Amino acid sequence: MKTVMVNTYRNMFKSIRRNLTIFLNMVICTSVIFILLQNYYFLKDRHDQYFKSGAIASHYSIVFADMDESAIYRSDILNKTSMFYVGQEVLKELESDPNIIIYSDIYSDFAPNDFVDGPDLSPYAIEVDREGTLMIEQIFVTLHAQDAFHLKCASGRLFREEDYGIDIDTPVPVVLGYNYQEVYDIGDIIHLKNENYDDKAVVIGFLEKYSALYEWGNMISLDNSMICAGVFGRRPQDSDYQASKAINYDCVDDVRIYVADETLDLQKLVNSITAKNGFYTLRVQASDGVEVTETKSISEKNVMLIAVMTAVTGIICLITLGMVLYNRAIEDLSTNCIYLLCGVPLWKINASIILEMLIWAALSCVPAIVISQLEYKKFLVSPILLFAFAAVVSFIALIPTLRVLKKVNLDMFVRDRIIV
């Protein structure tokens with residue numbers, strides 16, 4: 001062991017200039033590895049912070065990236081220009097994705113006493129802070145909205161395609177919240193009548209208890225709500241009655257999108273579709289969580305670029321380090337041959353060189369650890385992991401040196417010395 005330590009000491013302090021080159025190469029190698037790991041763990045920390053279980057968004061709304069384009073698009077809808085039909089194609093392509101559900105929902109409120117010829121609904125109403133009056137909350141949904149919100153019925157059924165676009169003389173199918181089972185039965189007619197409306201609905205089902213929607217950071221309980229197929233509160237005299245029979249997809253920015261696959265980058269998909277069809281630039285906004293694009297798309301690309309730079313820089317440093325160690329092994333060949341002739345086994349010489357490189361690997365981690373502490377006030381990258389990578393680099397760089405020592409020919413060495 002003493003021989004190993006003495007040879008290690010000799011190697012480290014025999015040539016300051018040569019060892020400084022080794023140390024600087026090790027520092028560069030360790031630093032580029034540190035940069036990659038630091039960015040990876042920093043992004044992982046953000047991922048864990050924002051992308052906790054259940055925090056990834058699945059519901060999105062669409063808005064125009066440019067408000068002027070939004071105003072132009074309203075004119076396109078009114079005049080049925082070619083861009084209007086392009087927008088319809090954009091929605092069709094989105095809806096063709098198996099991981100996407102397109103739907104619409106509209107919220108509306110009516111006072112309990114607007115429902116006539118029926119039970120007193122006041123105990124099931126919600127209080128509207130703005131007016132301080134009790135109101136029944138109604139949600140008008142398209143067919144696929146019930147799938148997007150994972151709604152299920154405790155009794156009865158949910159909506160079917162034939163429930164939409166019905167004649168005004170036919171009651172609108174509605175699904176009531178769980179609590180309304182105390183006052184209504186399936187098949188009951190609900191009569192809405194006030195100074196503005198005179199319309200009827202038929203109860204087709206009751207939602208499961210504690211059904212709720214999660215939007216914009218709020219939980220909307222449906223236990224006391226009324227879910228309607230299309231619009232309940234129809235007026236034949238309205239000029240837009242035909243459009244109000246059921247919520248439609250005429251306006252691109254009126255639809256909502258449900259994404260079943262949490263790994264899908266919706267913004268990237270929307271960008272590709274709008275670019276392909278030549279439509280206005282659209283932006284998606286998450287309503288129930290964090291968008292995947294926040295770290296997944298941009299951060300993964302950054303990590304990939306850093307990984308490539310790390311690999312290229314690391315390979316250059318590794319080759320340089322290997323050449324320095326190889327040249328040193330050639331220069332020290334005579335000394336090592338003398339050690340062998342004196343009875344020092346080859347494994348001790350190799351062990352001293354490996355120990356030396358492990359010391360350089362440990363010292364090369366110091367600048368990265370200091371930077372991590374000063375910049376982040378904590379070790380995002382474990383010093384042990386950083387040292388492990390530096391040690392691997394050292395072992396790879398030592399391969400040429402170990403091969404040189406393994407092929408030492410003592411007979412040739414002695415013959416050369418005798419001749420000299």
Side-chain angles (χ1 to χ4, degrees), residues 101 103-128 133-215 219-238 241-248 256 258:
I101 294 176
Y103 67 96
S104 293
D105 58 355
I106 298 175
Y107 293 84
S108 180
D109 296 312
F110 289 102
N113 55 12
D114 288 338
F115 297 95
V116 298
D117 302 330
D120 182 12
L121 300 181
S122 297
Y124 307 96
I126 61 173
E127 184 172 349
V128 180
T133 57
L134 294 176
M135 306 292 284
I136 297 293
E137 184 175 51
Q138 295 186 90
I139 305 174
F140 311 141
V141 299
T142 50
L143 178 62
H144 300 302
Q146 56 197 12
D147 298 324
F149 291 124
H150 307 291
L151 300 180
K152 295 181 180 179
C153 279
S155 60
R157 65 174 178 87
L158 290 171
F159 302 119
R160 300 169 182 164
E161 188 171 355
E162 58 266 24
D163 294 326
Y164 291 85
I166 57 177
D167 188 83
I168 193 170
D169 295 326
T170 304
V172 176
V174 296
V175 177
L176 301 180
Y178 181 85
N179 292 339
Y180 286 103
Q181 292 182 103
E182 301 176 1
V183 295
Y184 284 114
D185 293 319
I186 293 177
D188 284 353
I189 299 298
I190 302 175
H191 190 183
L192 170 67
K193 185 176 183 179
N194 56 26
E195 63 274 12
N196 296 315
Y197 303 103
D198 188 356
D199 201 1
K200 293 182 179 180
V202 58
V203 179
I204 63 172
F206 295 93
L207 295 175
E208 289 183 344
K209 192 174 185 179
Y210 305 126
S211 295
L213 309 181
Y214 295 88
E215 294 186 315
M219 186 191 80
I220 304 171
S221 174
L222 300 179
D223 286 345
N224 293 333
S225 296
M226 180 181 299
I227 313 298
C228 309
V231 176
F232 177 37
R234 301 165 294 177
R235 297 184 299 186
Q237 66 271 24
D238 288 346
Y241 167 66
Q242 186 65 29
S244 70
K245 288 198 298 183
I247 304 170
N248 54 41
R256 303 282 301 281
Y258 169 76

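None of these values were measured; they are calculated from a predicted model.
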Heavy-atom count around E162 CD within 6.0 Å, excluding the residue itself: above 12? yes
Between F110 and F232, is the ring centroid distance below 6.0 Å? no
Backbone N/O of S104 and side chain of T142: donor-acceptor pair under 3.5 Å: yes
Which heavy-atom pair separates E182 from Y124 by the least distance, and what is that distance? OE1-OH, 2.9 Å
Looking only at heavy atoms, the pair that brings Y184 and L176 closest together is CD1-CD1, 3.5 Å
Over 12 non-hydrogen atoms of neighbours within 6.0 angstrom of CZ in F115: yes
Among all residues two or more places apart in sequence or in another chain, which pass the side-chain contact (heavy atoms from CB on, under 4.5 Å) test with Q146? L143, L151, L158, F159
Is there a side-chain contact (heavy atoms from CB on, under 4.5 Å) between D163 and R157 once you walk through the steps? CA-CA 12 Å; D163 294 326; R157 65 174 178 87; 2.9 Å; yes
Going by the side-chain hydrogen bond (donor to acceptor under 3.5 Å, both in side chains) test, which pairs reach into residues 112-121, not counting sequence neighbours? D114-N194, D117-H191, D120-S122
Checking side-chain contact (heavy atoms from CB on, under 4.5 Å) for the pair L222/L213: CA distance, chi angles, key distance, verdict? CA-CA 7 Å; L222 300 179; L213 309 181; 3.9 Å; yes
Is there a side-chain contact between P173 and I166 in this structure, where contact means two heavy atoms from C-beta onward sitting under 4.5 Å apart? yes
Atom of I189, atom of P171 and distance for their closest heavy-atom approach: CD1-CG, 4.1 Å
Would you please name every residue forming a ring pair (Phe, Tyr, Trp, His ring centres under 6.0 Å) with Y258, sequence neighbours left out? H59, H150
Residue pair P112 / L121: nearest heavy atoms and the distance that separates them: CB-C, 4.1 Å
Chi angles and distances behind the side-chain hydrogen bond (donor to acceptor under 3.5 Å, both in side chains) call for Q138, S108: CA-CA 5 Å; Q138 295 186 90; S108 180; 4.8 Å; no
Test log, rule side-chain contact (heavy atoms from CB on, under 4.5 Å), inputs V203 and Y180: CA-CA 10 Å; V203 179; Y180 286 103; over 6 Å; no
R160/I204 under side-chain contact (heavy atoms from CB on, under 4.5 Å): CA gap, chis, key distance, verdict: CA-CA 11 Å; R160 300 169 182 164; I204 63 172; over 6 Å; no
Work out which heavy atom in D109 is nearest to a heavy atom in M135; give both atom names and the distance. CB-CE, 3.6 Å
Test your reading of the model: is there a side-chain donor-acceptor pair from N224 to the backbone of A125, 3.5 Å cut-off? no
Shortest non-hydrogen separation from E137 to S225 and the atoms involved: OE1-OG, 3.1 Å
